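Here the structure comes first, spelled out in structure tokens, and everything after it is commentary.
Keep in mind that this is a model prediction, so the values were computed, not measured. By convention in this document, chain letters (A, B, ...) are assigned in the order of the sequence lines, proteins followed by strands, and residues within each chain are numbered from 1.
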Amino acid sequence: MLRMSNLFLRTLRDDPSDAEVASHRLLVRAGYIRRAAPGGFTWLPLGWIVYRNVERIIREEMDAAGFQEVHFPALLPKEPYEATNRWVEYGDNLFRLKDRHGNDFLLAPTHEEMFTLLVKGLYGSYKDLPLHIYQIQTKYRDEARPRAGLLRGREFVMKDSYSFDIDDESLDRSYHLHRDAYIKTFERLGLPTVIVSAMSGAMGGSASEEFLAPIDVGEDTFVRCSSCDYAANTEAVNVPVPDPIPLDGLPAAQVADTPKTPTIQTLVDHLNAHAEFNRPEGDWTAADTMKNVIVKLRHPDGTTEALAVGVPGDREVDEKRLGAHVEPAVLEPFGETDFAANPALVKGYIGPGALGTTGTSGIRFLVDPRIVEGTRWVTGANEPGKHVVDLAYGRDFTADGVIEAAEVLAGDECPNCGSPVEIRRGIEMGHIFKLGRKYAESLGLSVQDEAGKQVTPTMGSYGIGVSRAVAALAETNNDEYGLCWPREVAPADVHLVIAGKEGGPQRPAAEQLATELEAAGLRVLFDDREGVSPGVRFKDAELIGVPTIVVVGRGITDGLVEVKDRKSGERVDVPIGDVVDHLHAQT
RNA sequence: CGGGAUGUGGCGCAGCCUGGUAGCGCACCUGCUUUGGGAGCAGGGGGUCGGGAGUUCGAAUCUCCCCAUCCCGACCA
């Protein structure tokens, strides 16, 4: 039994000034967590109970799926991460340190390498596979900007699983085993999730899905179809590719004088304001234009490369999408000095003639998938004040390839069924993906197959944010008064409040009830503080958010106590002798 | 890394412009009263005012440098 008279807890009346999102604000105010470092939090007793409940549910579901738990150090030597190049690729996000001998160490951001090496050290036969192992571990990432309390910390707890299979079919089974286990886990946590297609990110690999909790404060943007079940992280959206148009009979491209039109809007206005540009299709729109944006890629080895991206003029380049498709390179702005170094590029009037490995600038040129053979564009003519009209792809210009870099807009066609899509925000709660053989190969993991031949197993990697789940649950379970936890993760089942004069019958009745509730298997948080006014007790109970609040108050003279459901606010008077049965009927 | 803001007791804030005994609310301690919606009165404890250098008889306050935190962007599970 938790007695508030000695519980290590102090609730705050004011919101902490640095907390923006509800989960951060309420978890601090209600005394669950407390900031200890930038991006790092101390768990107080109530918070630690909730954390352990969440962790227990995840562990139980992993165990039920037949996965085996192991536990690695968080402090690791750099060599395994050098073997996979992640010592470099992870960049500034990796916490690095040296031991007394000057050897490099890191605080692990994730453990693919170590799991692979562990299996390499113990297993050598196809008969040992498939294998599913996991751990629940503190991870470290030197985030540029930790934020939103537990939602994005620099130290956080993750459950990470790894599968090892002999072939792709077996990996597919492992993948779906994890997928199903995740669905069950999030259902049991009471956390709504949407499964979206994703990019695999810095981990490498192929098939990949994220479990997102659809919450507006989330940092992930995803696209969901209004009619079919298509859902994808915006980075992973593949736009529908239009059919090519026969080149025969298309109007010839012509250079047009378009003075002072360096932006798409000025260009479109100019075309519509001058009669010589009139065309049967009607007014020009931004969608008839193609804009060519130059960015700079910085590769992990430190070299840089310019890249030109052509997108329809009615869309911005989405840097997240672009960035996801150029990994592990990172984007840098293409600045004035870069323009100066590439005289072939005329700012505001860049066109395909200057682009591509065969163009005058030699800059690699990738275009949006909508730019297919036979589509005609208004685009820069590489001369100040001049654009080209009816420049047809496949006839007048080509690119070095295709890239998904244009922004996705609400109402765009679903790649699956063509219905309009909607755009939502979400918190990434889980990520599952097929790693393939990248790690096994670079770390030399192989097993013998039936024929005695060495073969490389294929791997999967599966994560759940454990500490983040606590925040997500707080985020989805609160109201204007405070938190309201789902019962299974709540710090207690019943918050028992004494409301009556000291020396009255309430305290002894409540003491007895507390004992009975506990004997009946209920977890009790008992507000047995003395000299605290009823208002404070009620406010604290609502802030703390235990699912059932029982008030022993003035009704006690008739043998009645009040039972209140925190979430619905419903209250009923129940004879004190029936409280245990009443609660059991609910739980 | 760019833009903006803020650093004053455990929490929320005022004081700074115009230099002169460090203040308010909450929380905490003592006493009395109060007890169904963040009680009242009286008394009390707790702060190198983010750090350093400078200006000055005197700096929370002015100047310079640094650091940290938060927000937006960039980046990222």
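One atom, CZ of A:R25, and another, P of B:G12, lie 14 Å apart when rounded to the nearest Å. Protein atom CZ of A:F8 is 14 Å distant from nucleotide atom P of B:G10, rounded to whole Å. Note: CZ (A:R529) to C1' (B:G38) measures 11 Å, nearest angstrom. Rounded to an integer number of Å, the gap from A:D142 CG to B:C75 C1' is 12 Å. Look at CG on A:D14: it is 8 Å from P on B:C13, rounded to the nearest Å. Atoms NZ (A:K539) and C1' (B:U35) sit 17 Å apart, rounded to a whole Å. Residue A:L12 contributes atom CG, which lies 11 Å from atom P of B:C28 at whole-angstrom precision. At whole-Å resolution of the value, CG in A:D15 and C1' in B:C26 are 13 Å apart.
Annotation: B:C64 and B:G4 have their P atoms spaced 16 Å apart (nearest Å). Taking atom P on both B:C24 and B:G46, the two are 14 Å apart, rounded to the nearest angstrom. When the P atom is compared between B:U18 and B:C62, the two are found 9 Å apart, to the nearest whole Å. To the nearest whole angstrom, the two P atoms, one in B:G9 and one in B:U63, are 22 Å apart. Rounded to whole Å, the P atom of B:G12 lies 14 Å from the corresponding atom of B:C71. The P atoms of B:U6 and B:C16 are separated by 14 Å, rounded to the nearest whole Å. Distance noted for atom P between B:U48 and B:G38: 36 Å (whole Å). Nucleotides B:A5 and B:G43 are separated by 40 Å at their C1' atoms, to the nearest Å.
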Please write out the pairs of protein N or O atoms and N or O atoms of nucleotides 29-34 of chain B separated by less than 3.5 Å, giving the distance to one decimal.
none

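Under 3.5 Å, the side chains of A:E61 and A:Y182 contain no donor-acceptor pair of N or O atoms. In summary, the side chains of A:E210 and A:S208 do not present any donor paired with an acceptor at a separation below 3.5 Å, with no hydrogens or angles considered. In the model, A:R56 has no side-chain atom that pairs as donor or acceptor with a side-chain atom of A:Y51 under 3.5 Å.
Other residues, nucleotides and ligands contribute more than 12 heavy atoms inside 6.0 Å of the CZ atom of A:F105. Counting non-hydrogen atoms of other residues, nucleotides and ligands closer than 6.0 Å to NZ of A:K567 gives a total above 12. More than 12 heavy atoms of other residues, nucleotides or ligands lie within 6.0 Å of CD in A:E502, so this atom counts as buried by the packing criterion.
Scored by the salt bridge (Lys or Arg N to Asp or Glu O under 4.0 Å) test, A:K139 finds A:D160 as partners (sequence neighbours excluded). For A:E219, the salt bridge (Lys or Arg N to Asp or Glu O under 4.0 Å) partners two or more places apart in sequence, or in a different chain, are A:R147, A:R152. A:N292 meets the side chain to side chain donor-acceptor pair (under 3.5 Å) test with A:T379; sequence neighbours excluded.
Contacts of A:V532 with the nucleic acid, taken as non-hydrogen atoms under 4.0 Å apart, include base atoms. Backbone-only contact: A:R10 has heavy atoms under 4.0 Å from sugar-phosphate atoms and none from a base. A:G503 comes within 4.0 angstrom of no nucleic acid atom, judged by non-hydrogen atoms across all strands. Using a 4.0 Å heavy-atom cutoff across all strands shown, A:G553 reaches at least one base atom of the nucleic acid. Within 4.0 Å of A:D540, counting heavy atoms only, lies at least one base atom of the nucleic acid.
Geometrically, A:R34 does not engage A:W43 in a cation-pi contact defined by less than 6.0 Å to the ring centre and at most 45° from the axis.
Judged by distance alone with a 3.5 Å cut-off, no donor-acceptor contact links the side chain of A:R13 to the base of B:A27. For a distance-only test at 3.5 Å, the side chain of A:R571 qualifies as a donor-acceptor partner of the base of B:G37. Residue A:E542 places no side-chain atom within donor-acceptor reach of the base of B:G38, judged by atom type and a 3.5 Å distance cut-off alone.
Among B:C76, B:A77, B:G38, the nucleotide with an atom closest to any side-chain atom of A:E428 is B:A77.
For RNA chain B, no neighbouring residue in residues 175-189 of chain A is found when judged by any heavy atom under 4.0 Å.
Between A:E113 and the options A:R86, A:K78, A:K438, a salt bridge (charged side-chain N to carboxylate O under 4.0 Å, His left out) holds for only A:R86. Each of A:S174, A:S163, A:S161 was checked for a side-chain hydrogen bond (donor to acceptor under 3.5 Å, both in side chains) with A:Y462, and the lone residue meeting it is A:S163.
For B:G31, the paired base is B:C41 (Watson-Crick or G-U wobble, both distances below 3.5 Å). Here B:G9 sits opposite no nucleotide as a Watson-Crick or G-U wobble pair (both hydrogen-bonding atom distances under 3.5 Å). Across all strands shown, B:C76 forms no Watson-Crick or G-U wobble pair with both key distances under 3.5 Å. With a cut-off of 3.5 Å on both Watson-Crick or G-U wobble distances, the partner of B:A60 is given as none. Judged by Watson-Crick or G-U wobble contacts below 3.5 Å, the nucleotide B:U48 has no partner.
Between A:K434 and A:E209, no side-chain nitrogen of the basic residue sits less than 4.0 Å from a carboxylate oxygen of the acidic one, so the salt-bridge criterion is not met.
Stacking of the aromatic ring of A:F538 onto the base of B:G38 is not found under the criterion of centres within 5.5 Å and planes under 30°.
Between the CZ atom of A:F67 and the CD atom of A:Q135 there is a distance of 15.0 Å, given to the nearest 0.5 Å.
Aromatic rings of A:Y162 and A:Y134 (six-membered ring for Trp) have centroids beyond the 6.0 Å cut-off, not under it.
Toward the 5' end of RNA chain B, the nearer of the two residues A:R34 and A:P534, judged by each one's closest nucleotide, is A:R34. RNA chain B is contacted by both A:E155 and A:R29; A:R29 maps to the nucleotide lying nearer its 5′ end (nearest heavy atom per residue).
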Base versus backbone protein contacts along nucleotides 67-72 of chain B [heavy-atom cut-off under 4.0 Å; B, S, -]: --SSSB
